Trainee: 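The following block contains the structure, expressed as structure tokens.
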Amino acid sequence: MFKARRLIIAHLLLFAAPVQIMANYTFLGQLNSYQRTESGLLLTCEDDVQLRIEFLTPEMFRVILERPGYPNDLLEAPLVKTDWEAVRLEFGEHDTHLILSSAKVDLVIQKMPCRLAVLDKQGRVISSDDPGLGIGWDGNEVRCWKSLAEDQHFFGLGEKTGDLDKRGREWVMWNSDTPDYDNQTDPLYQSVPFFITFRHNEAHGIYLNNSYRSVFNMGAGNRRYYSFAADGGVLDYFFIYGPAISQVISCFTELTGHPPLPPRWALGYQQSRWSYASASDVRLLARSFREKQIPADVIYLDIDYMDQFKVFTWNSKTFPRPAKLMEELRQMGFRVVPIIDPGVKADSQYSVAREGVEGGYFLRYPDGELYTGEVWAGPSFFPDFSQKDARNWWGARLAGMLDLGADGFWNDMNEPSVWGKAFPLEVLMDDRGRQSSLKKMHNLYGFLMAQVGYETQRRHQPGRRPFQLNRAGFAGLQRYAAVWTGDNHASWEHLELGIRMMLGLSLSGMPFVGTDVGGFIGDPSPELFVRWMQVGAFSPFFRNHSAKNTRQQEPWSFGKEVEQICRQTIEQRYRLMPYLYTLFWEASESGAPIIRPLFWFFPEDTLAYDRRFQHQFFFGENLLVCPVTRPGQRILPVYLPAGQWLEMGSGRLFEGPSEYLIETRPDRLPVFLRGGAILPTQPLRQFTDEPVSGDLTLEILPTTAYGNFMLYEDDGQSFGYEQGRYRLSQFEFVTQRDNLVFTQNRPHDQFLPPERMLQIRFHRIAASPRRVLLGKEALSPLPEGAENVAGFRYDPDSEILEVRIPDAADGRSLKIISK
Ligand code: MIG
């Protein structure tokens, strides 16, 4: 009896298999024919499935899977560059494979079955499809499997928890409101389906251009492959070869957009809280910063400025005259950024809701019924940011906020969040007339909202650089907004996690990133708060924010001692502003992040990938920051890669590569100036655009034969730089046996900073120089207190030689002769 039944079941299974009732993958089969196209190949495989390969640059090609019977519309929104110059390719056919070669890589296409492999010019395989699996699909799901090497590391994937190296876990791309997340939570608010991986110390990246829910298995539950898949849409990916990681990011951000130069004030210290409850609280806050002489630039207004959480309204009791408030703050050197929630209270008495309903600007179910979801204001409508009229309408409302005096927008809850619950997927968006469901559009919602905000600011205030802070996002969001890592927790674990998340986002094309400094949920101890502020000062985006019902978290809220440390910490950032601003300029040119992991500069050094040092990071090229992330940590193990490293503050010089145990201090982090560095700094300001006169200072560590730095300067707020109104100063030094030569050039000189001297501080100079020459003129020792005269001063204790010269690129070099 039993046996017979089993047999029947077995038979059923046998019969079932050929008609594929069971959900199994079909894999890309053999290559039947091919066609050379202008920039690549069109491969036709079994069952007329096609693979389109297009080279966009010698290091970047695109792979598109086209399946008969499935729509073939490619995602456009994240991509900015579509017209790529033709790439010179060589093509060859062999018995078993085809080869398509650019100047940088060889793409080998195996015929039976059709599989791709990428080789570098030394013939080393840097990437290959899994031989058995390769590319496959199962209904709407499309997937690509690639072989996993034993020592392969993965970085990026946008806003992700876990270690910096993403190997060994499966990651999901689905924008989600996840308050109080932890180190396991996934997915979070943003989706960036892009990662960087290393083979033979060479970097390459893969960007999956698909906004459906996608999954990245980086060797989770197996040691054979890593894979990426999307629930729908087209398998459409870009392969980007380095071999330098900087090259991968540069290509990826050429494709998805370089972050624009932000207004300089957005690099200052920013204060937020949910919420500063009234205009008088905000005034008091602003005055406190100025009275206490703690530099700050921006104040945020969280949801309580609104009337019953209705977007574009103001509470008439607590914020009676917003324009006046914002003007007063402006006079004090503050910028104001109000929060904007996408949910519009479904209330027929409320003009925004009425306009939206009448105009047809809100999301609807496929049967035409308006969608409402619950958020702060209660049942709410959601604008369709993909629809032209809705964009204009929302833009006009935002313009109203700008007219009142807002300096930017803080776009929250745009996953979109409906109290963190599932947003119905059948709901439709216009999507340029395609009427796409949220299956495709969900991950793009925050991106599109930010796009409207950015474009509105550009249009409405053409002379001013836009600023936005966005919570949800997708690849390419860097074009429109800075991002923060959402609702973290005031814990030491989160301080570390925040560093990893900032680095991960930085490696995903999003350099303008920060955490809620001090922690959003929960109360930090004074020690945790201080350590977080110290990391914040070296974060690209530096904002202190905390939740309702938590303790006050302003820099002075933890007593005098903490206040003093915070003041110094923030001051340090303001002194470094010429350097930081230049880093943002570099990011706008090449996508290079502000903060970079150790392996950015040391890809061949295995310790640069070591988990133990994953919280150390470079702040630009010249400073290595070693955060203290544990309570009571007196001794910090650090890794200093090859080169010389000068500890800022103590002046101690270390030699790498080596691990060191560094004694920590409560009032600052161990930060190291790299051998060969030229680090520009400026006099202190209370806000970034405060007119303060004083010298430009260069800290130089001339322990190498050569060093240089290109300083970028402009007015900090307009688009004048697009017309060439900026200055590039190239500072260089060359060390020879008995002398040191410093020069300044101006490759571009169409911006005039206030008059100033150049103060150059050469570190680790063993003895007072015999002579210091500026051109042919011998400089004399500086008298005590001398400000505006040229000269030099040597301090044998600190081994610093300070030289003052006019800040002029007049072709004269500075020569320091020691013997
Ligand atoms: O449901 O506006 O992440 O920064 O303070 C919470 C109130 C809504 C979430 C944001 C947080 C903000 C808070 N918001």
Side-chain angles (χ1 to χ4, degrees), residues 159 161 175-182 185 187-190 270-278 281-282 285 298-315 318-319 336-345 373-380 382 401 406 408-423 445-446 449-450 468-473 477 481-490 494 497-498 501-502 505 513-524 532 536 539 541-554:
E159 188 183 46
T161 54
N175 293 356
S176 305
D177 179 5
T178 49
D180 214 9
Y181 59 86
D182 62 32
T185 312
L188 300 184
Y189 311 91
Q190 300 184 44
Q270 327 205 4
Q271 186 66 50
S272 184
R273 175 160 182 86
W274 176 19
S275 298
Y276 294 112
S278 68
D281 282 7
V282 173
L285 179 75
V298 194
I299 293 176
Y300 285 72
L301 300 180
D302 208 329
I303 47 176
D304 295 295
Y305 77 83
M306 294 182 244
D307 172 27
Q308 300 168 63
F309 309 121
K310 287 185 291 193
V311 62
F312 304 123
T313 68
W314 295 79
N315 183 314
T318 50
F319 287 85
V336 182
V337 178
I339 199 167
I340 305 284
D341 282 355
V344 173
K345 186 179 174 69
E374 294 251 354
V375 261
W376 280 103
S380 298
F382 287 80
M401 294 293 277
F409 306 118
W410 170 20
N411 298 320
D412 190 20
M413 305 290 275
N414 50 11
E415 292 70 34
S417 167
V418 277
W419 285 142
K421 302 282 192 310
F423 202 101
Y445 194 85
M449 182 180 179
Q468 285 191 109
L469 178 63
N470 225 52
R471 196 170 72 172
L477 179 72
V483 296
W484 91 105
T485 58
D487 297 347
N488 62 4
H489 197 107
H494 263 272
L497 175 57
M501 290 174 70
M502 289 195 290
L505 278 155
V513 51
T515 64
D516 281 351
V517 170
F520 179 69
I521 293 163
D523 297 328
W532 212 318
S539 299
F541 178 71
F542 184 16
R543 187 184 73 148
N544 172 339
H545 181 53
S546 51
K548 243 194 170 69
N549 305 318
T550 60
R551 64 166 299 168
Q552 290 298 126
Q553 214 165 273
E554 295 71 29

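In this text, all values refer to a predicted model and were calculated from it rather than measured experimentally. Atoms within a ligand are numbered from 1 in the order they appear, just like the ligands themselves.
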Trainee: Using a distance-only test with no angle check, is there a side-chain donor-acceptor pair under 3.5 angstrom linking Arg273 and Thr550?
Mentor: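 Arg273 vs Thr550: donor-acceptor pair found between side chains.
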
Trainee: Identify, chain by chain and in numerical order, each protein residue with a heavy atom under 4.0 Å from an atom of ligand 1.
Mentor: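 Residues near ligand 1: Trp274, Asp302, Ile303, Ile339, Trp376, Trp410, Asp412, Met413, Arg471, Trp484, Asp487, Phe520, His545.
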
Trainee: For Lys310, give me all partners under salt bridge (charged side-chain N to carboxylate O under 4.0 Å, His left out), at least two apart in sequence or on another chain.
Mentor: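 Per chain and number, Lys310 pairs via salt bridge (charged side-chain N to carboxylate O under 4.0 Å, His left out) with Asp307.
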
Trainee: Decide, yes or no, whether a salt bridge links Asp302 with Lys548 under the criterion of side-chain N to carboxylate O below 4.0 Å.
Mentor: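 No salt bridge links Asp302 with Lys548.
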
Trainee: What I want to check is whether the side chains of Tyr189 and Glu159 have a donor and an acceptor closer together than 3.5 Å.
Mentor: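 There is no such pair between these side chains.
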
Trainee: Could you tell me which residues satisfy ring pair (Phe, Tyr, Trp, His ring centres under 6.0 Å) with Trp376, sequence neighbours excluded, listed by chain and number?
Mentor: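 Checked Trp376 against ring pair (Phe, Tyr, Trp, His ring centres under 6.0 Å); matches are Trp274, Phe309, Trp419.
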
Trainee: Once ring pair (Phe, Tyr, Trp, His ring centres under 6.0 Å) is applied, do any residues pair with Trp532, and if so which ones, sequence neighbours excluded?
Mentor: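 If we apply the ring pair (Phe, Tyr, Trp, His ring centres under 6.0 Å) test to Trp532, skipping adjacent residues, there are no hits.
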
